[in-house]
Amino acid sequence: MAKRNDRPTLATVAERAGVSIKTASRVLNGEKHVAASTAEKVETAAEELGFRLNSTARRLRAGGRSPYIGVVLSDAADAFQSRAFAAVEAELATHDLRPVVTVVGDDPDREEAFLDECLANDLTGIIVIRAHPEAAETYARAASAPGTRIVTLDPAVNGPGISIVAGDDREAGRLAAEQLLAHGHMALGVIGDQSPSLITTRRLQGIQDAIAGRRGVGWRAYMREDAHDEASAKNVVAAWLGSRSAPSALITLSATVTQGAIDACRRLGEWPALVGIDDFPTAELLDVTVVDRNVESLAAEAVRRLRSGAEPSGAGGGGGSLGEGEGSSPSETTGRERVDDGVPDFDNALCVIARGSGEEPPDTR
């Protein structure tokens, strides 16, 4: 009998049931051709001892792959990333897969070490929600390893063997700007995330698209690209609102930046019109207008591609980015994309969620 603090083994289960280890193994692995009375004794012994089979080891012995998936975030406090991770985790669970997570912060070396561990431990694949801006080459090297599956929600992570499932960030920027322009704003303060980020670059391109051809609209004088956390965003907005030439409206390029801007507005009692990109938990309570996407659909498509091992779609080594590109296409216009591998479309639509902050004209400040 196992001691109270000993972890039960297959041998202790077999001993208690009075059968061989091989018979106990056959019962607990669900194999047929074992007498019902014998199976009952083994199952009872296993329950009494609290024995659990190591499902990972069993799967690997059978020639399968690990049930663990590496998941990379750059900032766990960022609302989009936390929402995306929750959706990815829920989708993985439906397929009996489990995430192993790293939050890289400002340390690309940590990201590289995590990828090395994933490869060394034969994880089934890697899902990148957001990577460090300097880590793109690291993923390209990892993707070159035989059997490696990498799916990314970050368009900066690209290359042969990497499948990109990303929203149209250029369109997100365009929608945010047009929402404010439609309500009469001519001076737009734009607060960006990390300037090396491809997401930031594309969102700024979208804003420029919306303003192109319009006379009298100013935004570059107010643009700040590197306010990538709440504190720096709050400082930028506080400085703007304290000046005589403050912008009448704000565009914030991430949920984290939006929250910092709101904090500054609340402290100063000044409420310019505001549209943020990516929703966050308290946005509805605070009546904040946002441009958002179906995060659950992105997560489901990422997991589907990881499980199927689908090759990246699209030409060249860019990896099949969905909804991205320099020009418009019918699929970008409708907000729905077709993956060229015989599966149905998934919901990749962007939408403006108008809650009040983005619909105020300049003269109501």
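Since the model is a prediction, treat every value here as computed from it, not as a measurement. No hydrogens, no waters, no symmetry mates; every other heavy atom, side chains included, goes into these values.
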Cluster overlap Val352 with Ile207, hydrophobic side-chain contacts below 4.5 Å: yes

4.5 Å side-chain heavy-atom contact, Ile251 and Trp219: no

Atom pair OG/CH2 of Ser357 and Trp271 - distance to nearest 0.5 Å: 9.5 Å

Derivation of the side-chain contact (heavy atoms from CB on, under 4.5 Å) call for Val104 and Phe114: CA-CA 9 Å; Val104 298; Phe114 179 74; 6.0 Å; no

Whether Thr282 side chain and Leu285 backbone form a donor-acceptor pair below 3.5 Å: no

Side-chain touch Ile211/Leu188, heavy atoms, less than 4.5 angstrom: yes

Note: Arg174-Glu178 ion pair, threshold 4.0 Å (strictly below): yes

4.5 Å side-chain heavy-atom contact, Leu274 and Pro272: no

Donor-acceptor contact below 3.5 Å, side chain Asp292 vs main chain Asp279: yes

side-chain contact (heavy atoms from CB on, under 4.5 Å) between Arg293 and Asp169, worked out: CA-CA 10 Å; Arg293 69 202 75 205; Asp169 289 297; 3.6 Å; yes

Check ion pair Asp287-Arg355 (N to O, under 4.0 angstrom): no

Distance in Å, Ser163 OG paired with Leu153 CG, rounded so as to fall on 0.5 Å steps: 10.0 Å

Main-chain N/O of Glu40 paired with Thr44 side-chain donor or acceptor, under 3.5 Å: yes

NZ/NE/NH1/NH2 to OD/OE distance under 4.0 Å, Arg130 and Asp78: no

Enclosure of Glu284 CD (heavy-atom neighbours >12, cutoff 6.0 Å): no

Glu91: which of Val303, Leu97, Ile127, Leu306 passes side chain to side chain contact (heavy atoms under 4.5 Å, CB included): Val303

Nearest heavy atoms of Pro281 and Ala79, plus distance in Å: CD-CB, 4.2 Å

Between Ser254 and Asp278: side-chain donor-acceptor atoms closer than 3.5 Å: no

Arg267 side, atom CZ; Ile262 side, atom CD1 - distance, nearest 0.5 Å: 13.5 Å

Pairwise side-chain contact, Leu204 with Leu253, heavy-atom cut-off 4.5 Å (strictly under): yes

Common cluster, Ile353/Val257, ILVMFWY with side-chain heavy-atom separation under 4.5 Å: yes

Closest heavy-atom pair and its distance - Ala77, Thr256: O-OG1, 4.4 Å

Salt-bridge present (Asp209, Arg202; N to O < 4.0 Å): no

Pairwise side-chain contact, Val290 with Thr258, heavy-atom cut-off 4.5 Å (strictly under): no

Sidechain-backbone polar pair: Glu111 side chain, His132 backbone, donor-acceptor under 3.5 Å: yes

Shared hydrophobic cluster, Val190 / Val291 (ILVMFWY, side-chain heavy atoms < 4.5 Å): yes

Closest approach of Thr148 to Ile150 (non-hydrogen atoms, all atoms of both residues): CG2-CG1, 3.8 Å

Separation of Thr23 OG1 from Lys41 NZ (nearest 0.5 Å): 10.0 Å

Side-chain donor or acceptor of Arg110 paired with backbone N/O of Val103 under 3.5 Å: yes

Closest non-hydrogen atom pair between Leu10 and Ser25, with its separation: CD2-CB, 3.7 Å

Side chain proximity check, Thr12 to Phe51, heavy atoms < 4.5 angstrom: no

Heavy-atom closest contact (Leu250 atom, Cys265 atom, distance): CD1-SG, 4.5 Å

Approximate separation, where rounding is to 0.5 Å, of Met223 CE and Ile191 CD1: 12.0 Å

Derivation of the side-chain contact (heavy atoms from CB on, under 4.5 Å) call for Thr152 and Tyr139: CA-CA 10 Å; Thr152 176; Tyr139 288 98; over 6 Å; no

Single-linkage hydrophobic cluster Leu241~Leu286, side-chain heavy atoms < 4.5 angstrom: yes

hydrophobic_cluster_shared for Leu181 and Ile277, side chain cutoff 4.5 Å: yes

Atom of Val236, atom of Ala227 and distance for their closest heavy-atom approach: CG2-CB, 4.2 Å

Candidate list Glu359, Glu360, Gln179, test side chain to side chain donor-acceptor pair (under 3.5 Å), partner Thr289, passing option: Glu359

Distance in Å, Leu268 CG paired with Lys234 NZ, rounded so as to fall on 0.5 Å steps: 10.0 Å

Working for side-chain contact (heavy atoms from CB on, under 4.5 Å), residues Gln259 and Asp263: CA-CA 6 Å; Gln259 289 167 301; Asp263 191 15; over 6 Å; no

Main-chain N/O of Ser74 paired to Gln81 side chain as donor or acceptor, under 3.5 Å: yes

